[in-house]
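A short worksheet on the structure shown next.
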Amino acid sequence: MKLFNTLTQSLQEFVPLDDTVKIYVCGVTPYDTTHLGHAFTYLTFDTLMRYLEYTGHKVKYVQNVTDIDDDVIRKARELGMQWDELGNREIERFLDDTDSLNIRRPDVYARATDEIERIIELAQALVERGYAYVNEGCVFYDVKHDTEFGALAQSIGLNDYQSMLAIANERGNFPEDKRKRDPLDFVLWQAQAPGEPAWESPWGAGRPGWHVECSSMSMHYLGQQIDIHGGGADLTFPHHTCEIAQSEHYSGKAPFVRTWMHVGMVYQDGEKMSKSLGNLTLVRNLLKEYSADAIRIVLQNHHYRYPWECFPEDLKIAADTAQLFKQVRELIGPRLDGENTMLHNRFIAAMENDLNTPEALQLLKQSAREALDTRDKNLGAEVLRLTGILGLTA
RNA sequence: GGCGACGUAGCCAAGUGGUAAGGCACGGCUCUGCAAAAGCUGCACCAGCGGUUCGAGUCCGCUCGUCGCCUCCA
């Protein structure tokens with residue numbers, strides 16, 4: 001199978017390190033509802049996992065939830081809730097929403113707050129090795145000390161350390177700057193602010209920074225080098241760039257991740273769907289009108305790497321496609337006895353080409369129509385078997 | 001500003017050097033008592049200019065336009 005690696009900006013033959021494929025995907029910060037963009041990201045990895053299993057791989061899939069973070073604390077205050085109360089509620093909602101879309105849960109759903117001890121250990125090790133420093137109860141990653149910092153950022157156009165530094169300096173208006181040696185430095189551990197939740201550490205009470213939890217959890221649950229690390233394209237920089245720096249200088253092993261996969265953003269009203277703009281299509285609202293299959297089809301009709309906008313018409317078309325597969329089911333019945341090698345091979349070829357689900361679905365739609373026209377039960381059975389790999393339930 | 005991506009019919013979109021898929025919308029036809037549904041059918045100077053080539057939507061350069069990233073973000 002060929003997958004596009006963001007780091008090298010090229011399609012590469014995917015070969016797992018050992019007999020279990022290790023996948024880590026950055027999850028949500030649980031302070032708001034699940035929208036179509038989240039669904040696109042997590043459906044992509046659901047589909048990948050199903051396909052890898054179909055082709056005979058064992059898969060271990062870890063997804064994190066950053067349940068302690070500035071946004072969670074802020075939103076909880078706005079709502080007059082405890083931060084963990086809000087987090088628990090939103091985690092439940094997120095899992096409900098993705099369950100409703102028939103997105104399989106990861107093997108490990110890991111919380112940042114369960115990771116505190118190991119995060120501290122990681123931060124401490126980076127201090128000892130000179131990649132991080134302590135100031136006023138905070139620990140910062142020392143970007144200047146790390147000559148390799150930014151390779152992933154470079155892949156999306158931030159060409160080198162110097163330019164990142166120059167840009168950051170231009171806008172040096174961050175309150176943290178006084179405690180940091182360099183504006184690009186990022187927090188591994190931050191000292192407790194009044195009224196905020198905190199954990200004990202060698203540097204006093206505090207809580208983890210944003211990027212460090214994923215390094216820690218990925219290495220803890222999957223090992224120091226993994227096959228695939230994924231997430232939304234907006235995480236490429238700084239989040240994943242920082243993860244590489246932390247992880248590789250902690251473990252002394254590179255690459256931390258063999259294939260970086262980034263999912264394109266979903267748009268609404270011509271702009272990126274985002275919580276701050278409020279232009280959201282919520283999964284739970286869509287589910288009132290459309291089936292899980294229809295929503296999966298809308299998403300899988302787009303290749304995971306490219307941004308797209310969802311129009312109401314696309315949902316109707318997807319609903320028709322879902323209906324088409326149901327008609328095939330009526331023709332075939334519950335047992336899938338026949339097969340069609342030609343369709344099977346073309347489907348596999350599409351999926352092997354960087355998980356090209358739009359092409360795969362196109363093949364299935366054409367074949368479904370043909371099977372209904374000619375009452376070809378072998379072809380129909382093959383269609384249903386393959387829609388099953390895509391996680392459809394017709 | 002730096003860097004990156006993209007620009008194919010009204011809309012979505014395939015296409016990775018060899019006569020431009022498909023879908024939606026729209027028009028015509030068939031079938032219908034009418035309509036719907038269904039079926040058939042029609043519908044593209046590939047943003048512009050230049051270059052490489054026997055041949056370019058596809059490769060190279062420039063121009064124009066749209067968008068993204070640059071410590072909120074799936």
Side-chain angles (χ1 to χ4, degrees), chain A residues 6 9 11 25-29 31-32 34-45 63-66 69-72 74-75 94 98 140-141 143 150 152-160 162-177 180 182-187 209-211 230-242 261-267 270-277 280 283 298-299 301-318 320-321 324 350 353-354 356 358-359 361-363 365-366 369 372-373:
Chain A
T6 310
Q9 290 287 294
L11 282 172
V25 175
C26 286
V28 293
T29 301
Y31 69 97
D32 219 326
T34 316
H35 60 64
L36 201 60
H38 298 122
F40 189 47
T41 295
Y42 301 110
L43 179 64
T44 295
F45 293 103
Q63 191 185 133
N64 73 286
V65 54
T66 302
D69 151 291
D70 293 345
D71 290 315
V72 175
R74 177 183 51 76
K75 188 72 186 279
F94 172 75
T98 49
F140 295 101
Y141 190 87
V143 169
L152 186 65
Q154 195 170 357
S155 73
I156 59 161
L158 297 168
N159 55 352
D160 58 22
Q162 289 303 327
S163 67
M164 286 189 289
L165 187 61
I167 289 156
N169 282 339
E170 269 175 30
R171 341 177 137 199
N173 60 342
F174 296 92
E176 292 87 355
D177 278 7
K180 294 201 285 191
D182 184 292
L184 257 183
D185 291 350
F186 53 92
V187 179
W210 173 33
H211 313 298
D234 51 0
L235 294 178
T236 311
F237 185 89
H239 186 57
H240 290 158
T241 304
C242 296
M261 290 178 68
H262 289 98
V263 179
M265 298 289 105
V266 178
Y267 286 68
E271 290 188 280
K272 185 169 85 175
M273 191 175 289
S274 79
K275 292 165 184 171
S276 54
L277 291 171
L280 305 177
V283 168
V298 157
L299 299 170
N301 258 331
H302 296 87
H303 189 266
Y304 77 87
R305 270 169 47 209
Y306 299 97
W308 56 284
E309 176 155 355
C310 185
F311 298 101
E313 192 176 88
D314 298 330
L315 283 156
K316 288 185 194 129
I317 294 167
D320 289 344
T321 305
L324 183 68
N353 181 21
D354 197 24
N356 193 339
E359 188 180 335
L361 270 175
Q362 189 62 37
L363 289 167
K365 277 190 274 186
Q366 282 168 1
R369 288 198 192 96
L372 290 170
D373 275 352

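We use all heavy atoms of the structure for the numbers below, so side chains are in, but hydrogens, waters and symmetry mates are not. A note on names: the letters A, B, ... follow the listed sequences, proteins ahead of strands, and every chain is numbered from 1.
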So which heavy atom on A:Thr241 is nearest to which on A:Ala153, and how close?
-> OG1-N, 3.6 Å
Under 4.0 angstrom, heavy atoms only, what part of the nucleic acid is A:Gly37 near: base, sugar-phosphate, or nothing?
-> base
Which heavy-atom pair separates A:Leu235 from A:Cys26 by the least distance, and what is that distance?
-> CD1-CB, 3.6 Å
Residue A:Arg369, side-chain heavy atoms: nucleotide from B:A74, B:G23, B:A13 that is nearest | B:G23
If pairing requires Watson-Crick or G-U wobble contacts with both distances under 3.5 Å, which nucleotide is the partner of B:C54?
-> B:G18
Which pair of heavy atoms, one from A:Leu184 and one from A:Val143, lies closest together, and at what distance?
-> O-CG2, 3.5 Å
Rounded to whole angstrom, note down the P distance from B:U58 over to B:U8.
-> 13 Å
Could you please name the partner base of B:G39, counting Watson-Crick and G-U wobble pairs only when both distances are under 3.5 Å?
-> B:C29
Take atom CG of A:Leu315 and atom P of B:C12, then tell me their distance rounded to the nearest Å.
-> 15 Å
Between B:C24 (C1') and A:Phe311 (CZ): distance, integer Å = 12 Å
To the side chain of A:Asp234, which of B:U71, B:C73, B:A74 is closest?
-> B:C73
Between B:C72, B:C12, B:C24, spot the one nearest the side chain of A:Glu313, thanks.
-> B:C24
Which listed nucleotide (B:C73, B:G15, B:A74) is nearest to the side chain of A:Ser274?
-> B:C73
State, with a plain yes or no, whether a side-chain heavy atom of A:Met261 is found less than 4.5 Å away from one of A:Tyr304.
-> yes
Would you please classify the geometry between the A:His303 ring and the A:Tyr306 ring as parallel, tilted or perpendicular, with 30° and 60° separating the classes?
-> tilted
For the pair made of CG in A:Asp32 and C1' in B:A74, what is the distance, rounded to whole Å?
-> 13 Å
Using a cut-off of strictly less than 4.0 Å, decide whether A:Lys272 has a side-chain nitrogen or oxygen near OP1 or OP2 of B:A74.
-> no
A:Leu152 CG - B:G4 C1' separation (whole Å) | 13 Å
Using the C1' atom on both, measure B:C43 against B:A20 and round to a whole Å.
-> 13 Å
Counting side-chain heavy atoms from C-beta on, which of B:A74, B:A21, B:C24 comes nearest to A:Thr29?
-> B:A74
Specify the closest pair of heavy atoms between A:Met273 and A:Gly37, including all atoms of both residues, with the distance to one decimal.
-> SD-N, 3.9 Å
What nucleic acid atoms does A:Tyr267 come within less than 4.0 Å of, heavy atoms only: base, sugar-phosphate, or nothing?
-> sugar-phosphate
Applying the 3.5 Å cut-off to both distances, the Watson-Crick or G-U partner of B:C6 turns out to be B:G65
Inter-nucleotide C1' distance (B:U66, B:C60), Å rounded = 23 Å
Roughly how far apart, to the nearest Å, are B:A5 and B:G42 at atom C1'?
-> 36 Å
Which part of the nucleic acid, if any, lies within reach of A:Tyr306 when heavy atoms closer than 4.0 Å are counted: base, sugar-phosphate only, or nothing?
-> nothing
Round to the nearest Å and state the distance from A:Asp354 atom CG to B:U16 atom P.
-> 15 Å
Which part of the nucleic acid, if any, lies within contact of A:Gly264, taking any heavy atom under 4.0 Å across all strands shown: a base, the sugar-phosphate backbone alone, or nothing?
-> base
What integer number of Å spans the C1' atoms of B:C29 and B:U16?
-> 40 Å
B:G7 C1' sits how many Å from A:Glu309 CD, rounded?
-> 16 Å
Sub-4.5 Å side-chain heavy-atom contact between A:Val72 and A:Thr66 = no
Base, sugar-phosphate, or nothing for A:Gly27, non-hydrogen atoms under 4.0 angstrom?
-> sugar-phosphate
A:His38 side chain, from C-beta outward: closest of B:U16, B:A74, B:C24 | B:A74
Starting at CG of A:Asp314 and ending at P of B:C11, how long is that distance when rounded to a whole Å?
-> 14 Å
With heavy atoms under 4.0 Å as the rule, sort A:His262 into base, sugar-phosphate or nothing.
-> nothing
Atom-pair distance (CG on A:Asp373; C1' on B:A38), nearest Å = 11 Å
Test item: A:Val266 and A:His302 side chains (from C-beta on) under 4.5 Å apart, heavy atoms = no
Say you pick atom P in B:G18 and the same atom in B:A37; how far apart are they, in whole Å?
-> 40 Å
5'-most contact on RNA chain B: A:Gln366 or A:Pro358, nearest heavy atom basis?
-> A:Pro358
When we call it a touch if two heavy atoms are under 4.0 Å apart, what does A:Val266 touch: a base, just sugar-phosphate, or nothing?
-> base
Which value, in whole Å, describes the distance between the C1' atoms of nucleotides B:C6 and B:G15?
-> 15 Å
What integer number of Å spans the C1' atoms of B:C59 and B:A74?
-> 35 Å
When both distances are under 3.5 Å in a Watson-Crick or G-U wobble arrangement, the nucleotide paired with B:G1 is B:C70
By nearest-nucleotide position on RNA chain B, the 5'-leaning member of A:Cys26 and A:Gln9 is A:Gln9
